[in-house]
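Proteins get letters first, then strands, A, B, ... in listed order; numbering begins at 1 in each.
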Amino acid sequence: MKPLERISDYLWEIPTSYKPGMRVPARIYATEQLIQEMDEAVADQISNVATLPGITRSALCMPDGHFGYGFPIGGVAAMDIAEGGVISPGGIGFDINCGMRLVVTNLTEKEVKPQIKKIIDKLYERVPAGVGSKGFVKVSRNEFRQVVQEGAKWCINQGYGWDEDLELTEENGCIAGAYASKISDKAIDRGCNQIGTLGSGNHYLEIQVARPENIVNKELAEAFGITIPNQVVVMFHCGSRGFGHQVATDYLQVFLKVMESKYGIHILDRELACAPFNSPEGQDYFAAMKCGLNMSFANRQVILHRIREVFSDVFGRSAEALGMHQVYDVSHNTAKLEEHIVDGKARSLLVHRKGSTRAFGPGMEGIPDRYKPYGQPVILGGSMETGSYLLAGVSTGAQSFFSTAHGSGRTMSRTKARKQWNGEQLQKDMQKQGIYIRTTSWRGLAEEAGGAYKDVDAVVKATELAGLSKRVVRLVPIGNVKG
DNA sequence: ATGTTC
């Protein structure tokens, strides 16, 4: 039996009495149905998070939560840096700044559908996918150090994208305080040929349609650029590739060495390795992790450039003429220093979001001026078969440090999914459902079957009921490049 | 997620 107390129809609490060392309660946002489906391990993992130094108010898990490395995926933990708050790679994820970007077109489903095979085949060719894939952007190691300090801004300067893309990216695509001097040569080696690559696992690039019946909030949809019935959009999901992975690996080792001996921090699970934010090791990782953020922003920027090239090629018009404006780019795996009001006082908190999206409400600093009246766009990627959502941040999101879900969330392990589905058969089945898909790996495709994920509509509904974010439009896939 | 077991 799970140690959960029901707070409301969409919120559950694990009291501090559940486990020795819990500093605050743990809370899971989910409907009863979603709680039933949730991994037993989530309650255990999120209550471990509640023992970490500096954790403020409560350790949170979003409705798409599932088992992860140390922290559950879907975890949110805000650490008070003035109270010995820690930074933990396990609370950010190995794939630093794994995230989503959404771009609109002025094309309709009717215009795109006849070309879908051509578009996807070209995208498959032009956006390298799969484990170990290399990008077309050739940079020296020193140039790559510049990339990880400048992020998407570096790409724009090189001609990969439009100036406006930056203002429509979280942190304007370049987070300050990223120092390449804090990065190992090994991480530089792994990352320097990976700019503009999709990766593998749950990373994908999808052509989607905004059908009129799926517009939930017309005003917000229009504000975010969804203005035409059956408008075609492109959504993609990828991260910092081997670079971010190496950064996380390097600093996990550092933290494991100093955590107990130097800082006297005792943890229940070594996967929660951490160091005080205000310590040399914590600050070094923070600066290195920001390089991971920037690598990922650069990666998505170059991929956007290639998507524009492909559409331009297929339709014989410029990307400008095709109206290929970016809606937004959001991170799913970060820790950010933010000011939040706790017990009536403004506090500096390091907000870890792992498989969770920042969802700032209307009027807040840090969201593009054009979206200020509406709230921050949130791009939530569902499974490749079912659909995804564009959401918006709301003022009641203060309860979760303005964080919401990031996707559907798995219901079963990759191993289990592989046993249940066959990649080649799944491709055929998806074709019958009107989704043309290309993949580098049949095995990888089987792992990502829609049936291995929770009901995205239920997850999104739960975030809306709880007041974490609200629905704008549901997007359905017609083509997919699966990493 | 990941040069999918330094």
| query | When you check the gap from the basic side-chain N to the acidic O, do K336(A) and E170(A) get nearer than 4.0 Å? | reply | yes
| What is the distance, rounded to the nearest whole Å, between atom CZ of F94(A) and atom C1' of dT2(B)? | 9 Å
| note | Contacts of Q283(A) meeting side chain to side chain contact (heavy atoms under 4.5 Å, CB included) (sequence neighbours excluded), chain-then-number -> F277(A), N278(A)
| request: Quickly work out the H245(A) NE2 to dC6(B) P distance and round it to whole Å. | output: 10 Å
| message | Here's a test of your reading of the structure: between Q253(A) and G199(A), which maps to the more 5' nucleotide of DNA chain B? | response | G199(A)
| query | Centres of the F236(A) and Y204(A) rings: under 6.0 Å? | reply | no
| Side-chain touch F144(A)/I195(A), heavy atoms, less than 4.5 angstrom | yes
| query | Rounded to the Å, how far apart are H203(A) NE2 and dT4(B) P? | reply | 16 Å
| Rounded distance in Å - CZ (R418(A)) to P (dT4(B)) | 14 Å
| message | By the 4.0 Å heavy-atom rule, please label K134(A) as base, sugar-phosphate, or nothing. | response | nothing
| query | How many Å lie between CZ on R443(A) and C1' on dT2(B), as a whole number? | reply | 12 Å
| What nucleic acid atoms does Q194(A) come within less than 4.0 Å of, heavy atoms only: base, sugar-phosphate, or nothing? | sugar-phosphate
| Expressed in angstrom and rounded to an integer, what is the separation of I92(A) atom CD1 from dT2(B) atom C1'? | 17 Å
| said: How many whole angstroms separate atom CG of D250(A) from atom C1' of dC6(B)? | reply: 12 Å
Donor-acceptor contacts, no H, no angles, side chain residues 442-453 of chain A, under 3.5 Å, sequence neighbours left out:
| unit_1 | atom_1 | unit_2 | atom_2 | d |
| --- | --- | --- | --- | --- |
| E447(A) | OE1 | R414(A) | NH1 | 3.0 |
| E447(A) | OE2 | R418(A) | NH1 | 2.4 |
| E448(A) | OE1 | Y453(A) | OH | 2.6 |
| E448(A) | OE2 | R410(A) | NH1 | 3.3 |
| E448(A) | OE2 | R414(A) | NH1 | 2.9 |
| E448(A) | OE2 | R414(A) | NH2 | 3.1 |
| Y453(A) | OH | R410(A) | NH1 | 3.4 |

| request: Report the distance from atom OH of Y69(A) to atom P of dT5(B), rounded to the nearest whole Å. | output: 14 Å
| dT2(B) phosphate, OP1 or OP2: any side-chain N/O from S200(A) under 4.0 angstrom? | yes
| query | With a 4.0 Å cut-off on heavy atoms, is G201(A) in touch with a base, just the backbone sugar-phosphate, or nothing at all? | reply | sugar-phosphate
| said: Applying a 4.0 Å non-hydrogen cut-off, can you work out what G242(A) is touching in the nucleic acid: base, sugar-phosphate, or nothing? | reply: sugar-phosphate
